[in-house]
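What follows is a short report on a single structure.
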Amino acid sequence: MNEQTILHVEDEREIRELVGLYLKKEGFQVAEASTAKEAFQLVADIEPTLILLDVHLPDIDGFEACRCIRQTTEAPIIFLSCKDSEMDRVIGLSVGGDDYVGKPFSMNELLARVKVHTRRYKQLQSAVTQEEPSSERHILRSRSIVLDQKRYECYVRGELVQLSPKEFELLAFFMKHPHQVLSADQLLQSVWGYDTVVDTKTVSVHIGNIRRKIGDDPKHPRLIVTLRRVGYKFDADVY
Ligand code: CA
């Protein structure tokens, strides 16, 4: 697929038209939905490269919609909302969103983020589809965890665990750097690849998600240990 299609889910026509105009000028194809239900159908039909998702939709709450969409695609999801509070950001990221832009937003900022995420998604797609000659190279192992970097699958004691793409990349980064103290800034730069869009709170949210999903005790984590004011450390041997 050469063309990159952005699905814009927004019930306000004026915003849809304005954003659509800019995206098309940048060479993107644009599909539009005004309700979450329309969006579900389009995600299945056109397999968008990226999804812009309004938090306030007439039929289903945007966060709930995100959860549903995440079950069928790994395409990046950027939330758009006027409720630009820390709480919303945290919820947005914990339901599988990749980024969050508060309304009113500058079109340049939105375009910059769309480009960052589509580029990364394309890289991810080509990495997944490329045939790897040695089958073991894309497998990362610790005592109880196996990551298949080709399929983006995580197994804990043989059980498949669903991680979002970012959670997966973060855990993979930890597994490649065992016993090293990694600061939140370091993790942001290495895993997210840019430092202006998300802040270090994002890192702690994702680490919390990983702990919960792999069954590590969030109060007394053993696998990814928090070192106050310093960072995090992955301790593969104990888990
Ligand atoms: Ca709305």
Side-chain angles (χ1 to χ4, degrees), residues 63 66-67 69-71 74-79 84-101 113 116-117 120-121 123-124 127 138-239:
F63 295 128
C66 178
R67 238 183 240 124
I69 291 172
R70 202 27 100 223
Q71 288 172 10
E74 287 181 349
I77 298 173
I78 302 179
F79 280 110
D84 188 19
S85 67
E86 178 84 344
M87 190 58 202
D88 271 9
R89 284 177 189 275
V90 172
I91 295 172
L93 296 171
S94 66
V95 295
D98 296 273
D99 207 346
Y100 198 105
V101 180
R113 294 190 192 195
V116 166
H117 285 285
R120 288 180 65 82
Y121 185 58
Q123 284 167 354
L124 190 154
H138 61 272
I139 303 286
L140 287 174
R141 291 172 205 278
S142 75
R143 246 167 77 165
S144 53
I145 300 172
V146 175
L147 294 187
D148 183 334
Q149 297 187 98
K150 197 161 140 188
R151 297 172 192 272
Y152 264 65
E153 286 174 354
C154 167
Y155 295 88
V156 179
R157 299 189 183 86
E159 298 275 325
L160 182 64
V161 173
Q162 293 293 340
L163 297 179
S164 77
K166 271 288 167 289
E167 289 159 10
F168 185 95
E169 288 167 21
L170 187 58
L171 182 55
F173 189 79
F174 273 117
M175 288 176 71
K176 287 174 194 165
H177 302 85
H179 310 297
Q180 283 182 36
V181 177
L182 302 164
S183 73
D185 279 327
Q186 237 174 317
L187 292 167
L188 261 187
Q189 278 174 22
S190 305
V191 178
W192 277 262
Y194 50 103
D195 48 12
T196 51
V197 178
V198 289
D199 57 23
T200 50
K201 176 89 187 161
T202 306
V203 176
S204 62
V205 170
H206 278 73
I207 289 175
N209 290 346
I210 294 171
R211 283 176 180 149
R212 187 167 43 76
K213 290 180 178 179
I214 63 171
D216 199 3
D217 182 354
K219 286 207 179 104
H220 306 283
R222 299 169 62 206
L223 187 74
I224 302 173
V225 183
T226 306
L227 302 159
R228 273 177 71 84
R229 289 181 229 283
V230 184
Y232 302 91
K233 195 170 71 166
F234 180 77
D235 224 343
D237 306 335
V238 297
Y239 195 73

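Residue numbers start at 1 and run along the sequence shown. Side chains are part of it too, since the values below use all heavy atoms of this structure and drop only hydrogens, waters and symmetry mates.
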Lys233 and Leu182: CA distance, side-chain angles, deciding distance, side chain to side chain contact (heavy atoms under 4.5 Å, CB included) verdict: CA-CA 6 Å; Lys233 195 170 71 166; Leu182 302 164; over 6 Å; no
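- When all heavy atoms are compared, the tightest approach of Lys166 to Val191 is CE-O, 4.0 Å.
- The main-chain N or O of Ile224 is found under 3.5 Å from a side-chain atom of Arg211 such that the two form a donor-acceptor pair.
- Within 6.0 Å of CD in Gln180 there are more than 12 heavy atoms belonging to other residues, nucleotides or ligands.
- Considering only heavy atoms from C-beta on, Lys176 comes within 4.5 Å of Leu140 through its side chain.
- Contact between Val203 and Ala184 at its shortest, heavy atoms only, is CG2-O, 3.8 Å.
- Closest heavy-atom contact between Val161 and Lys213: CG1-O, 3.5 Å.
- Taking Ser183 as the reference, Asp185, Gln186 meet the side chain to side chain contact (heavy atoms under 4.5 Å, CB included) condition, with sequence neighbours excluded.
- Screening residues 153-172 for ring pair (Phe, Tyr, Trp, His ring centres under 6.0 Å) gives Tyr152-Phe168 as the qualifying pairs, with residues at least two apart or on separate chains.
- Atom CG of Asp99 sits about 3.5 Å away from atom NE2 of His117, to the nearest 0.5 Å.
- One distance of note links CG of Asp217 with CZ of Arg212; it measures 13.5 Å at 0.5 Å rounding.
- Counting only distance, with no hydrogens or angles, the side chain of Asp216 and the backbone of Arg222 share a donor-acceptor pair below 3.5 Å.
- Contact annotation: the side chain of Ile207 never approaches that of Thr226 to less than 4.5 Å [non-hydrogen atoms, C-beta and beyond].
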Test side chain to side chain contact (heavy atoms under 4.5 Å, CB included) applied to Met175 and Gln149, step by step: CA-CA 12 Å; Met175 288 176 71; Gln149 297 187 98; over 6 Å; no
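- Centroid-to-centroid, the aromatic rings of Phe173 and His177 come within less than 6.0 Å.
- Residues Leu147 and Glu153 form no side-chain contact, since every pair of their non-hydrogen atoms from C-beta on lies 4.5 Å or further apart.
- Contact of the Ser164 side chain with the Asn209 side chain is not registered, since no non-hydrogen atoms from C-beta on lie closer than 4.5 Å.
- Atoms CD and CG, from Glu169 and Leu187 in turn, are 12.5 Å apart once rounded to the nearest 0.5 Å.
- Nearest heavy-atom pair, Cys66 versus Gly97, reported as atom, atom and distance to 0.1 Å: SG-N, 3.7 Å.
- Taking the ring centroids of Phe63 and Phe79, they lie under the 6.0 Å cut-off.
- In this structure, Phe234 and Leu223 have side chains that are in contact, with non-hydrogen atoms separated by less than 4.5 Å.
- How far CH2 of Trp192 is from CZ of Arg120: 9.5 Å, rounded to the nearest 0.5 Å.
- Asp98 places a side-chain N or O within donor-acceptor distance of the main-chain N or O of Ile77, the cut-off being under 3.5 Å.
- Nearest heavy-atom pair, Arg70 versus Pro165, reported as atom, atom and distance to 0.1 Å: NE-CD, 4.4 Å.
- Taking Thr200 as the reference, nothing meets the side-chain hydrogen bond (donor to acceptor under 3.5 Å, both in side chains) condition, with sequence neighbours excluded.
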